[in-house]
Enquirer: 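Structure in C-alpha cells, see below.
Here is the naming used below: chain letters follow the sequence lines, and residue numbers restart at 1 for every chain. Only heavy atoms go into these numbers, but all of them, side chains included; no hydrogens, no water, no symmetry mates.
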Amino acid sequence: MKLSKAFIPTLKEVPADAITASHVLMLRSGMVRMLSAGIYSFLPLGYRVVQNITSIIREEMNAIGAQEFHLPALNPREIWEETNRVAAFGDTMFHIKNLNRDYVLAPTHEEIMTYHARNQITSYKEMPQIWYQIQTKFRNEARPRSGVIRGRQFLMKDAYSFDSSWENLDKSYALHDKAYRNIFNRCGIKYFIVGASSGAMGGTGSEEFMVKSDAGEDTVAYCEKCGYAANVEVATSVVAPIARDAVSEELKEISTPNVKSIDELCAFLKIDETQCAKSRVYIFDEKPILILITGNEEVNETKLEKLLGGSIRPAHPEELKEITGADAGSIGPVGYKGRIIADNKLKGRNNLYSGANKNDYHLGGVDFTRDIKNIEYADVRIVEAEEGCPNCGEKLGVFTSIELGHIFKLGTKYSAAMGATFLDENGKDNPIIMGSYGIGCERVMACYIEQHHDEHGIIWEKALAPYHIQLLGLNMKKQEVAEESEKIYNELLGSGYEVLFDDRTDAQAGFKFKDADLMGMPLQVIVGDKKLKEQKVEVKIRKTGERFDVDIDKVIAWVKEYFEKN
RNA sequence: CGGGGUGUAGCGCAGCCCGGUAGCGCGCUUCGUUCGGGACGAAGAGGCCGUAGGUUCGAAUCCUAUCACCCCGACCA
C-alpha cells in the first residue's frame, strides 16, 4: 500500500477525549474513529489488525475441530424470553420494535446456538460439537470507556460446546483452554488466568484470561511465582498476625472532638493505624452487624455476603445513630449489643483504639478478649499488595486488569430451559451439556497496544502488525530515491511481505519517521539519497530502535532473516 | 443512575468573570525556498461559538432548559 493513496489519518496531537494509552494510539495512528459513545469505526489500518486477530482465532478454533457459523445479530425477542434473559439483561439489551414485531440485538448467542442444537442434535452419537462465530455483539453499556475496551458494539468470538456427559464437557473445555493459550501466545499478549465461579451464568468451572492494565475494570490479586490469581472480591492472603501486647492497659475513654476518620484519629492520638479497630455497620436480614477491621483496611463485602449467606447493605447514617448511639466515626464494639464479626487479623488483640459509641469520644486500651463478648472472627477484609500468597507465600501483586477471554462450563442451564435434549445410550432423554467460550477481539488489539508501546507509538510484532514493513522514501522528489524505493517496494511485495510504502512527496523526512514510529510496523526500511550514494539503505527495528546499513541488493535477504528469527 | 468536567474551524485550545467586528497553534489550498527526526516565507480557504428558549438596543459571553462527550462511582452474560 502506498501511503500517498491510503486513508490513514494520523494525528500529531493527542485527542482530548482519550486517556488510556491504547485509545490514544489507536486514534493517533489512524486506526479507529468514534462514531458515538462506545461505538467505533475501524479504519483500514485498524481493520487489518482486527483481521489478523480473527485469523489467529480461526486457525486455533479450527484446530480443535470447531466449526464456524455466521449468526444473525437481529433476533426475535421471544427466543430470549425462553431463558428469561430479556429481564436478566434489562437495559443492557438493545430492543427494536418494528410494526408489531419485537426484536433484540444479540448481546451474546447462547440462545441462538442452543436453538439450532435443539432442532438438530437428538442423539449422543451426534456429539461432541463445537460451534463458534466471530461477530458483532450489542450491549448498551451504562458507561462505555477506554475506547474500544468497553464499547456498546464489539466484535466477539464466541464458541459453544455440546456434549453428552460431564466428562466429555471436561474434554471440550480442556481443548478450549489450550486453544486460548495458543491464541494469546501467538498474539504476543502477556496474560494470566483467574479461576472463578461463573456466577449468574450457572455452571461449575470457569477461567478468565486476564491482562494487567491500568485501564482494567477488575482488581485482582496475582502471584508471579505460582500463578495464583483471584479477583479481590474473593482473594485471600496470608498475613503475619499482630501479636498481643504483654500487658493489657485499662479501658479508657478519650475525648476526640471532631475526629472522624482513622487518619484523623491516628494524627490526634499519635498512634499507628494498626492500633485501630475500625467499625462498619451492615444490615443483614434486617438486623445490624458490626464488622471490625484493622486501621484503614476495607471490608470485603463479597466475602462478607458469602460468609453470611445473603445480601448485605451498609447501614444508613440515621440507622447508625439508632443502633449504636453515635454517628459514623465514633462507633465501636465495646458495649455494642448486636452481632460482631472481626477480621482474623484482629484476633485476640489488645490495647486497641476504637469508637466509644458516643460522639466525639474514642476508647483506648480495648482488649478484644476481655472487653467484647460474643465476638466472631472471619476473613472479611480486602487483600492488599505485598501480602502473602495463600498458595506459596510469595508476595502478592494487586492490580487492575482487563478480561480478554472467558471459558466456562455452562452445563444444562440453556439446554434445559430451551428443551435441547438428546437420547443417551439407554434411550433416555437428557439435556445437552454445554460450554461457552468468549474472546473480545478488539480488546485483544487494545491490550496488545497497552503492553507494546513507547512514547513514540505502537510497537507491532509480525503476528498482529497491519503491515510487516514500513518503507520510507525520504525525498521522493529525487529521482534516484523514487526509483530505488519503488524497486525495493516491488521486491518486498514479491517476496510476500505486506508493505506500507511512504511515497509521499510532500512530507519531509522527520515527518515520515514520526509517522512510522507512531504506526509501529516491526521493520522500517529507509531509502535516502545519502546512503543510496554508497549503494545502501537503512533498516530500523522498531522494537529496539537499532539501525543497520544494508547493501541495496541484500535488503530482501536481511528482512527474510529478521522475520525468520522474530 | 449519582458526582465532577467539557462543548468555539478538521485537531488542540484562548476568549466567557466584566455583553459591543470571533482569535491562536497545528492541519488544509496556492506559489517559492528547503529536504535524515513532526521545515521556512508569502498569500488564501474555513466557524449559526452543541441545540432551543429567555434577558438586553446588542449574547460565544448573563439566565433557563435540553442534547452530546469525557472522568470518578454504581452496574457489568
Side-chain angles (χ1 to χ4, degrees), chain A residues 9-20 23-24 27-28 30 33-39 80 83-93 104 106-111 137-147 149-152 154 156 158 160 196-203 206 208 214-218 231 233 301 313-314 402-403 405-408 410 413-414 436-438 440 455-457 472-478 481-482 502 504-519 524 526-533 536-538 540 545 547 549:
Chain A
T10 57
L11 259 26
K12 189 156 83 175
E13 290 180 273
V14 178
D17 287 343
I19 306 292
T20 54
H23 190 194
V24 169
L27 288 168
R28 285 194 58 211
R33 285 293 184 269
M34 187 179 82
L35 183 64
S36 178
I39 304 177
W80 289 86
T83 52
N84 210 21
R85 286 175 102 197
V86 174
F89 273 104
D91 291 336
T92 303
M93 185 176 249
V104 298
T108 172
H109 276 86
E110 279 83 4
E111 278 77 359
K137 312 282 176 186
F138 299 86
R139 289 183 201 177
N140 191 13
E141 296 293 349
R143 183 152 97 83
R145 66 187 93 178
S146 303
I149 288 171
R150 188 169 196 76
R152 294 201 161 117
F154 55 97
M156 182 176 181
D158 51 327
Y160 306 89
S197 70
S198 48
M201 291 299 290
S206 90
E208 291 173 332
D214 291 337
E217 311 186 297
D218 299 312
N231 196 299
E233 288 182 355
E301 298 182 3
R313 64 169 175 85
I402 297 170
E403 181 186 337
H406 195 173
I407 61 176
F408 52 92
L410 272 184
K413 179 174 171 170
Y414 295 95
S436 172
Y437 317 89
E455 67 272 28
H456 303 294
L472 320 199
L474 289 194
N475 186 344
M476 292 298 285
K477 285 174 186 159
K478 297 212 167 159
V481 174
D502 194 342
R504 292 174 294 184
T505 51
D506 55 348
Q508 291 199 260
F511 198 95
K512 293 188 176 191
F513 288 135
K514 293 287 186 188
D515 253 4
D517 286 346
L518 174 61
M519 289 187 260
Q524 295 170 17
I526 301 156
V527 182
D529 57 338
K530 279 182 192 165
K531 292 196 171 150
L532 222 43
K533 287 189 178 112
K536 285 181 191 296
V537 297
E538 189 172 293
K540 177 179 161 184
R547 294 148 178 275
D549 289 342

Enquirer: May I ask you to say what A:Asp515 touches in the nucleic acid, namely base, sugar-phosphate or nothing, with a heavy-atom cut-off under 4.0 Å?
Expert: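 Here A:Asp515 touches the bases of the nucleic acid.
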
Enquirer: Base, sugar-phosphate alone, or nothing: which one does A:Asp17 contact when heavy atoms must sit under 4.0 Å apart?
Expert: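 Sugar-phosphate only.
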
Enquirer: Does the distance from a Lys or Arg side-chain N to an Asp or Glu carboxylate O, for A:Asp515 and A:Arg504, drop under 4.0 Å?
Expert: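 Salt bridge present between A:Asp515 and A:Arg504.
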
Enquirer: I'd like to know whether CG of A:Asp91 has more than 12 heavy-atom contacts from other residues, nucleotides or ligands below 6.0 angstrom.
Expert: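 Counting neighbours around CG of A:Asp91, 12 or fewer heavy atoms of other residues, nucleotides or ligands fall under 6.0 Å, so no.
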
Enquirer: Classify the nucleic acid contact of A:Met156 as base, sugar-phosphate or nothing, counting any heavy atom under 4.0 Å across all strands shown.
Expert: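 The answer is base, as A:Met156 lies within the cut-off (heavy atoms under 4.0 Å) of a base atom.
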
Enquirer: With a 4.0 Å limit, can you tell me whether A:Ser36 has a side-chain N or O closer than that to the phosphate oxygens OP1/OP2 of B:C69?
Expert: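 Answer yes for this pair, as a side-chain N or O of A:Ser36 is under 4.0 Å from OP1 or OP2.
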
Enquirer: Nearest to the side chain of A:Glu217 - B:C71, B:C76, B:C69?
Expert: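 Selected nucleotide: B:C76.
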
Enquirer: Just N and O in the side chain of A:Arg143: are any of them under 4.0 Å from OP1 or OP2 of B:C72?
Expert: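 For B:C72, OP1 or OP2 has a side-chain N or O of A:Arg143 closer than 4.0 Å.
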
Enquirer: How would you label the contact of A:Ala142 with the nucleic acid (heavy atoms, under 4.0 Å): base, sugar-phosphate, or nothing?
Expert: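 Base contact - A:Ala142 has a heavy atom under 4.0 Å of at least one base atom.
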
Enquirer: Please name the nucleotide paired to B:C1 by Watson-Crick or G-U wobble geometry with both distances under 3.5 Å, or report none.
Expert: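 In the structure as shown, B:C1 has B:G73 as its Watson-Crick or wobble partner.
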
Enquirer: Is there a donor and acceptor pair, one atom on the side chain of A:Arg28 and one on the base of B:G38, closer than 3.5 Å?
Expert: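 Answer is yes: a donor-acceptor pair is held.
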
Enquirer: Need one value for A:Lys512: base, sugar-phosphate or nothing, where a base atom within 4.0 Å counts as base even if backbone is also close, heavy atoms only.
Expert: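 Nothing: the residue A:Lys512, judged by heavy atoms under 4.0 Å, touches no strand.
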
Enquirer: Base, sugar-phosphate alone, or nothing: which one does A:Glu538 contact when heavy atoms must sit under 4.0 Å apart?
Expert: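 Here A:Glu538 touches the bases of the nucleic acid.
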
Enquirer: Using the P atoms only, state how far B:G38 lies from B:C62, rounded to an integer number of Å.
Expert: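 Straight-line distance between the two P atoms is 41 Å.
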
Enquirer: Given that both distances must come in under 3.5 Å, which nucleotide forms a Watson-Crick or G-U wobble pair with B:C62?
Expert: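 Checking every strand shown, B:C62 finds its partner in B:G54, with both distances under 3.5 Å.
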
Enquirer: What are the two closest non-hydrogen atoms of A:Pro15 and A:Arg28, and how far apart are they?
Expert: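 Scanning both residues, the minimum pair turns out to be CD-CG, 4.0 Å.
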
Enquirer: Is A:Glu110 salt-bridged to A:Arg85, going by a charged N under 4.0 Å from an acidic O?
Expert: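 Yes.
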
Enquirer: For A:Ile19, answer base if it contacts any base atom (sugar-phosphate contacts may also be present), sugar-phosphate if it contacts only those atoms, and nothing otherwise; contact means non-hydrogen atoms under 4.0 Å.
Expert: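 The residue A:Ile19 makes sugar-phosphate contact but no base contact.
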
Enquirer: Report which part of the nucleic acid A:Lys478 touches: base, sugar-phosphate, or nothing (heavy-atom distance under 4.0 Å, all strands).
Expert: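 No contact.
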
